[in-house]
Structures are given as structure tokens and as C-alpha cells.
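Working notes for the structure below.
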There are 2 protein chains.
Amino acid sequence: MRKLRPQKRDNAASARGQEAVAAILTGARDVLVEEGYPRLTMRNVADRAGITVGNLSYYYANKEDLLHDLLEAVIQGYVEDFDRIATNFERSPEGRLEDMIRFVVGDLSTKETTGFFPALWALAIHDDFAASEMSHVYDIERDAFARVIAEMRPDLSKRDRDILALFISATIEGHTMFIGYGREKASAAEAIGNVAAYSLLSLVRNVDAATIRGLKLAAKVGGKRAAS
Amino acid sequence: MRKLRPQKRDNAASARGQEAVAAILTGARDVLVEEGYPRLTMRNVADRAGITVGNLSYYYANKEDLLHDLLEAVIQGYVEDFDRIATNFERSPEGRLEDMIRFVVGDLSTKETTGFFPALWALAIHDDFAASEMSHVYDIERDAFARVIAEMRPDLSKRDRDILALFISATIEGHTMFIGYGREKASAAEAIGNVAAYSLLSLVRNVDAATIRGLKLAAKVGGKRAAS
DNA sequence: TGTGATCTAGGACCTTTGTCCTACATGTTG
DNA sequence: CAACATGTAGGACAAAGGTCCTAGATCACA
């Protein structure tokens with residue numbers, strides 16, 4: 001499970017206070033992941049953190065502040081993890097792209113990711129702060145994909161590379177509800193990882209600008225079985 | 001916007017009662033879509049339906065019953081729509097697959113779908129009934145994809161065809177949070193539709209069983225630019 | 001027409017939840 | 001040690017929300 005690095009809070013002046021904030025954020029994340037957003041109440045968070053509501057309100061005067069810090073802290077963990085993977089320059093662009101795809105697909109199966117992201121997506125539709133945090137993490141992810149794509153396909157325009165990066169990111173995320181932790185198709189996770197790696201790598205290698213712009217009908221384009 | 005066909009309720013004995021139930025479900029859907037699940041309260045639903053809480057409780061004695069009927073009714077609309085598209089036998093399998101892909105991608109941009117499905121996904125993680133309704137609609141969708149895939153690729157095993165159907169469905173759904181109604185990348189919806197059609201059709205045409213089972217490394221597989 | 005079935009409004013109720021306050025405990029620093 | 005900053009517990013409070021009850025309106029039909 002990722003570490004949560006709390007931002008410095010006004011009311012957490014001592015080391016003890018910092019620990020309390022960390023316990024609060026960890027508790028809040030656990031409630032969100034394990035029980036869902038509707039159960040993310042000040043009292044549930046306080047219980048998980050092993051403190052009282054009164055004490056919780058010393059650190060977080062209102063729920064909105066708590067939610068903001070929680071989203072920031074959790075998102076930050078994902079950003080750091082992904083940055084690390086994306087900057088492994090030992091492999092070829094193709095190899096790195098495959099690593100990234102398999103890393104994200106693998107991550108979907110964790111309890112934290114399966115529990116956190118669908119909640120974030122739902123939240124982001126009606127909450128601007130959640131939407132901006134969501135943008136943050138996916139901007140990072142797409143940037144990383146776009147950089148690898150640029151190496152593989154310098155002939156494509158930046159716009160087209162960005163479309164491909166968006167497609168790859170969205171494609172992978174979409175599997176969360178199906179192959180995520182405890183989900184119905186969790187047993188298909190490995191096969192899905194293989195298909196995703198194959199399909200998305202093939203896409204980046206083979207797509208051309210005219211296709212992205214809709215100048216070719218997909219059903220008309222001839223296909224050959226991939227060379228073995 | 002899809003019509004909501006309420007199941008017959010015990011307390012809706014007359015035509016007037018049926019209309020009231022329809023108004024309630026429509027109101028409930030609108031609240032869920034426009035304000036999100038946390039605001040789906042009995043009072044908000046009653047207001048949208050133009051009735052009082054007291055009257056609402058005549059039809060739905062508790063919130064759980066209301067939520068169940070709501071999910072069933074909304075899901076049923078999607079099932080019917082999708083069934084209609086999937087059984088258009090005028091076109092070739094490839095053409096039908098492309099139609100289905102473009103239909104689902106296009107549907108993501110509607111306010112209802114963008115608002116409803118992320119809420120459903122989040123709900124399904126902690127609510128068994130929501131999970132079973134979610135299974136229902138996606139089972140139908142995957143079955144339809146799997147049938148077309150079977151026509152295109154009779155050489156693949158049922159398991160492999162099911163994996164491809166799952167991959168296609170999940171891939172498309174994953175774009176909801178990005179290119180959905182009012183979302184940040186909504187302007188990329190058309191290009192994404194093109195890429196999805198191209199990428200997923202190519203996948204079904206070209207993938208082989210060994211790739212799905214992970215016996216080939218994606219980054220090692222050679223690729224050629226698609227024939228124009 | 002009137003009588004029972006159906007529907008509706010309004011409000012009461014109890015619980016949950018966010019927020020706030022105060023007194024007390026713990027720690028830190030001169 | 002004294003004084004002050006920091007942290008903690010417990011409970012009070014109002015608002016919101018789910019549920020329930022009752023009296024009255026509307027409707028269908030004998």
C-alpha cells in the first residue's frame with residue numbers, strides 16, 4: 001500500500017501532530033476504499049484513526065478540508081509511483097511502453113486502486129476539486145505515455161500522439177471495474193494484461209494520422225495476422 | 001434520453017399510480033445524474049417528481065427499494081438499446097462490430113451515461129444489488145461483442161473470444177470519465193471513436209491465442225503499418 | 001350516488017452527521 | 001518550575017435525512 005505524505009497542516013505543529021494527521025489520512029483512505037464515499041464521515045474517519053471527533057476537528061475543521069487533503073495525498077502517491085516507472089530509460093521505447101501498460105494494468109488489481117478510483121471518477125463529475133486532482137494524475141500519466149509514443153512515432157503530430165496517449169490511458173482505466181480487486185472478472189487480469197500490451201503496442205506502431213482523423217473506415221481497412 | 005419503464009409496484013394499482021412511479025424514477029435518475037449519489041435523498045427525489053416525501057413513501061417505503069427500481073429501470077433502457085444495435089444483420093461482422101463500437105463510444109457523450117455509469121461503478125463496489133445490475137448490462141454487451149467476434153474469428157476458443165469481448169467493453173467504458181458529457185477531453189470524442197474502431201477491429205482480426213495467453217512478448221512482436 | 005380503494009399532503013419522530021465549545025492533558029521552553 | 005503552545009476527549013447543538021402516521025382528496029364502480 002502506498003504511503004500517504006500529508007501536506008503540512010496549520011494545526012499539526014509538532015511531530016506528534018504530523019503523526020496524527022498521517023493517521024487521519026490513512027484512516028480516511030481506508031474508509032473510502034473499504035466502505036465507499038457515503039460512509040466517509042467524520043466519525044468513521046476518527047474511529048479508524050483511533051481518535052475522537054473532537055480531536056479530528058482540531059486538525060480538520062470541516063469535512064471539505066479533509067477530503068481535499070485526502071485526495072491530494074492519495075493522488076500524490078500514484079503520481080510518484082508512475083513517474084518512477086516512466087523514467088526507466090534502460091529499455092527500448094517499445095519495452096518501456098509495455099512496462100508502463102503492464103504496470104498500470106497490474107495496479108488495477110490492488111484494493112486501493114479498485115476502491116479509490118471509481119470513487120474519484122464519480123466525485124469528479126460534481127466536485128471541481130476532485131476533478132482537478134483527477135486531471136492532475138491523468139495528465140502525468142498521459143504525458144508519460146505521450147513521450148514514449150513520440151519516440152516510437154515521430155511522424156505523428158503532437159495532437160495525434162496526445163489522442164493515442166488518452167486512448168491508452170482510458171483503455172486501461174476502463175478495466176478497473178471488471179478485473180479490479182474482488183471484481184467479477186479478476187481472474188482474467190493476466191490475459192487482459194497480455195491483450196492490452198499487444199493491442200496498444202500494435203496501435204501505436206501501426207496507426208496512421210488519416211485513421212485518427214476518420215478519413216479511413218475501420219471496417220474497410222485490410223488486416224493481416226501479426227507476424228510471429 | 002431513454003424512457004424509464006417501471007416494474008409494476010404493489011402500491012401503484014392505477015394508471016395514475018403508474019405515472020407517479022414513472023415520475024419518481026425519472027426524478028430519481030435526474031437527481032443521480034445531475035447531482036450525484038450523495039444527493040439522492042428521498043426529499044430531493046420527491047421534489048424532482050413534483051410530489052411530497054409522504055407521497056413518495058407511499059410508493060417506496062424505503063430508499064433501498066427506490067434505488068433498486070431506479071437501477072433496474074435505467075439499466076433496462078441500456079439493455080434494450082444495445083440489443084437493438086447488436087442484432088442488425090444487414091452488415092458484415094466487421095461492419096457490425098464497428099457499429100457497436102461507435103454506438104457505445106457515442107453514447108458515452110450523453111449526459112445520462114456520463115452521470116449514471118461512474119455512479120454505478122462506485123456503488124457496485126460496496127453494494128451487491130448494484131453489482132448484479134452492473135453485471136447484467138455488461139453481460140449483455142459482452143455477449144453481443146462475443147457473438148460478432150465468433151463470426152470473425154471461429155478459430156479462437158470461447159474463452160479467448162470472451163476475453164476479447166471483455167477487453168473491448170472495458171476499453172470503451174474507460175473513456176467515459178474523459179470524453180463524457182462535459183468532461184475535460186470531450187472534444188476528442190470523435191478522434192477517440194476513430195481510434196477505438198481501428199484499434200479494436202485490428203485486435204479482433206489479428207490477435208492470436210498465444211498472445212492472449214502471454215506466450216508472446218508484445219514488445220517483441222513485429223508490426224507493419226496497416227495497409228491503406 | 002355513495003362506498004371502498006387508491007392516492008396525496010403535511011408533519012412528527014428518531015438517527016446520523018457536521019460543526020463547535022470547553023475543560024483537561026501533554027509537551028516545550030524560558 | 002512556570003508559562004505557554006499544542007494536543008485530546010467528551011459532549012452539545014442544529015441541520016439533514018429516512019421512516020412512519022393520519023387526515024383528507026380523488027377515483028372507480030356497484
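Side chains included, hydrogens not; waters and symmetry mates left out as well; all remaining heavy atoms used. Each chain gets a letter, A, B and so on, in the order the sequences are listed, and its residues count up from 1.
A/M42 has its CE atom 16 Å from the C1' atom of D/dC13, to the nearest Å. Counting to the nearest Å, the C1' atom of C/dT6 and the CG atom of B/L56 are 17 Å from each other. Whole-Å rounding puts the A/Y59 OH to D/dA9 C1' distance at 13 Å.
Here A/T52 lies in heavy-atom contact (under 4.0 Å) with a base.
Nearest nucleotide to the side chain of A/K63, out of D/dA9, C/dG18, C/dT8: C/dG18. Residue B/S57 places its side chain closer to D/dC21 than to any other of D/dC21, D/dA9, D/dG17.
Phosphate proximity of D/dT8 to A/Y58: absent, as no side-chain N or O sits under 4.0 Å from OP1 or OP2. For the pair A/Y60 and C/dG18, the criterion of a side-chain N or O lying under 4.0 Å from OP1 or OP2 is not met.
Between A/D69 atom CG and A/Y59 atom OH the span is 13.5 Å, to the nearest 0.5 Å.
Ring orientation note: the planes of A/F129 and A/H68 are close to parallel, at an angle under 30° on the 30°/60° scale. In this structure, B/Y78 and B/F117 have perpendicular ring planes: the angle between them is above 60°, well past the 30° mark.
With A/H126 contributing its side chain and B/P38 its backbone, the two residues share no donor-acceptor pair below 3.5 Å.
Along DNA chain D, the nucleotide nearest B/N62 and the nucleotide nearest A/G50 are compared for position; the residue whose nucleotide lies closer to the 5' end is A/G50. Along DNA chain C, the nucleotide closest to B/R43 and the one closest to A/L40 are compared, and the more 5′ of them pairs with B/R43.
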